[in-house]
Amino acid sequence: MSTTWVSYLHAVLQLCARNKAAIQGKACHARAIRFGLQEETRTSNILINVYCKSGLLSNARKVFDGMPARSLVSWNTLIGSYAQNGEAHEALSLFKLMQRNGSSFSEFTISSVVCASVAICAVFVCKQLHGFAVKAAVDSNVFVGTALADVYAKSGLVKEASRVFESMQERSVVTWSCMVVGYVQNELFEDALLLFHRAQKMEVEHDHFILSSIICGCAGLAALIEGKQVHAIISKTGFCSNIFVASSLIDMYAKCGSVEEAYTVFLNVEDKNVVSWNAMISGFAKHARALEAMISFEKMQQMGLYPNEVTYISALSACSHMGLVDEAKSYFDLMITKHNIPPNVIHYSCMVDTLGRAGMISEAYDLTQRMPFVATASMWGSLLACCRFHGNLEIAEIAAKHLFEMEPDNAGNYILLSNIYAANKKWEEVVRARKFLKENVVKNEKGKSWIAVKDKVHKFMVGEINHSRIAEIYSKLDSLVEEVKILGYKVETEHELHDVEESRKQELLKHHSEKLALSFGLLSLPASAPIRIMKNLRICGDCHSFMKHASSSTQREIIVRDINRFHHFRKGRCSCSDFW
């Protein structure tokens, strides 16, 4: 057979591989068998590539198994394809066979097998491969190092990932992206920002992976200033049209308390998909903008897109924040009957919250007993909070009992139950709850709040003394307290469970971290700027009342993001309608 004809066959097969043309590839395979070329190594390698690119891995394996002699390309093509197509066990098994046969390997072989190990969370296998790479002196290779860092980060072994990253002499854009993504996935947002700034100084090229991930990091920190700076980089580098980057921006602005800017980004997205719609509906829901969330839900379908389980979580969440029972029930039924989406535990949690907020405590409790899932701590916590608001002591005790078993170290549950007892004048039970808190090592996380002013984040603890302007802050707070008292503010000492005198309780409540952050914001921010405060815990009842009165007294918009939701305080009112 002429060399020209063989070259022609190879060229056609390579064209089939590029176009994933499996049928034509099979026809060429038949020709190769007819002319006795199936045992020729190069022809077999190209056939393996055609079948792998077409997703026919079993056909590729048959060609591979029938080869009398295999080259490095044969092994690498099939191992790499197994790894890329989620056949991790097959990739690892083939690599072991390769070693038993004494075949030579390359950096690509190692990086492919390392990537396969992450798919099955095989951390021990990854460490073995790491040792193998070191022994074979290929660990410094950029592909191997990147794969190792990626696997360690995705497995939660961030220190190991960082160690691999720092030991690399050469790093690609993918290497930097993997490390930033790893930090964000493990909620090490500050480390992600530091690494991103380091990449900028080294003039590392940006891709959509690193940009969307660092935006998620800014969202996690509620770092609006840094988020806007990254947004500027995105605009400059032309990634605004990337749907993943745009969706991350929408989510970031919403989580930083600026739902209007989130909506502006959303409007500028040309080809909106389910992800971008979900991000916007979720943003509206977080800010108690139920009407906008529901309108967006309808518009999304008018655009020909079908809601998924995430969409329904956001829609139900919007209903729960506003206690819209009929609308929530309608969405829940629509999800099952029209879109054939089986409700998960989060959907049920939203329904429990919605019913509880509307005062339908017994129905909410019945739902926790009827649903096909075990009630989560989140559900019982929501039910307990609803019982406090609506005064249902019986179910409050049931919810608290479950919470004490599921979260024995969470002091907030004991405090909430104590407040319910106090509201029902069960003073003996109040004393018992407070005594338990005092005598047992129950985790009571210290409250802290932070506020961004002029590219710097200022953090405050309860009773803060270390801030450089602390004397001014306390002076401003003292005058603000006097102003809000004129408008009717009264200190609600039932939210302070320390066993101290009444005057001391008032002093402790006065110096809560969010009040200090507000006072600093009033001193430092322009009169027209909203004051955005982030808090690590649920805002207490006294601070909530204080913020409402302060928004009237100062004529300022105050936005507080606590652990549960956003509170927009305007003209003496809060967006949560006093239920959180």
Side-chain angles (χ1 to χ4, degrees), residues 1 6-7 9-10 13-14 16-17 20 22 25-26 28-152 155 164:
M1 181 173 293
V6 174
S7 297
L9 179 66
H10 288 173
L13 281 169
Q14 287 167 345
C16 291
K20 300 178 182 179
K26 286 181 177 181
C28 291
H29 188 181
R31 282 297 184 95
I33 294 171
R34 181 181 175 188
F35 291 106
L37 293 173
Q38 72 274 20
E39 293 185 355
E40 197 266 322
T41 302
R42 185 158 186 265
T43 302
S44 294
N45 285 344
I46 297 173
L47 282 167
I48 291 170
N49 188 42
V50 170
Y51 286 129
C52 287
K53 291 284 175 64
S54 303
L56 302 173
L57 296 185
S58 58
N59 295 58
R61 185 60 186 262
K62 285 177 183 177
V63 175
F64 178 86
D65 289 339
M67 294 175 69
R70 304 178 186 110
S71 67
L72 178 59
V73 173
S74 317
W75 294 97
N76 280 355
T77 304
L78 195 52
I79 289 173
S81 295
Y82 277 138
Q84 290 168 10
N85 287 277
E87 300 279 354
H89 290 290
E90 291 294 336
L92 291 167
S93 177
L94 194 59
F95 178 69
K96 290 175 185 176
L97 178 63
M98 184 183 189
Q99 292 302 296
R100 284 198 297 270
N101 287 356
S103 302
S104 60
F105 59 88
S106 68
E107 295 90 341
F108 180 82
T109 321
I110 304 297
S111 61
S112 295
V113 181
V114 170
C115 289
S117 68
V118 74
I120 55 174
C121 301
V123 178
F124 180 67
V125 173
C126 176
K127 288 185 175 182
Q128 287 180 312
L129 290 168
H130 190 179
F132 185 85
V134 172
K135 187 177 178 181
V138 295
D139 58 308
S140 60
N141 176 270
V142 65
F143 298 108
V144 175
T146 301
L148 285 168
D150 185 42
V151 171
Y152 279 134
S155 303
V164 170

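One-based numbering along the sequence shown.
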Atom of [X], atom of [Y] and distance for their closest heavy-atom approach:
X      : Y      : answer
Val164 : Gly145 : CG1-O, 3.4 Å
Ala83  : Ser112 : CB-O, 3.5 Å
Ala116 : Ala88  : O-CB, 3.2 Å
Gly25  : Leu13  : O-CD2, 4.0 Å

In Å, rounded to the nearest 0.5 Å, how long is the span from [atom1] of [X] to [atom2] of [Y]?
X      : Y      : atom1 : atom2 : value
Ile79  : Ser74  : CD1   : OG    : 10.5 Å
Leu57  : Leu78  : CG    : CG    : 7.0 Å
Ser111 : Leu129 : OG    : CG    : 10.5 Å
Thr77  : Tyr82  : OG1   : OH    : 12.0 Å
Arg31  : Arg34  : CZ    : CZ    : 6.0 Å
Phe143 : Cys115 : CZ    : SG    : 11.0 Å

Side chains of [X] and [Y]: closer than 4.5 Å at any heavy-atom pair?
X      : Y      : result
Met67  : Asn45  : yes
Val151 : His130 : no
Tyr51  : Lys26  : yes
Ile46  : Glu40  : no
Thr109 : Trp75  : no

Asn59 and His29: side-chain contact (heavy atoms from CB on, under 4.5 Å), yes or no, with the steps? CA-CA 11 Å; Asn59 295 58; His29 188 181; over 6 Å; no
Does a sphere of radius 6.0 Å around CZ in Phe105 hold more than 12 heavy atoms from other residues, nucleotides or ligands, not counting ones at 6.0 Å or beyond?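 Atom CZ in Phe105 is crowded, with more than 12 foreign heavy atoms closer than 6.0 Å.
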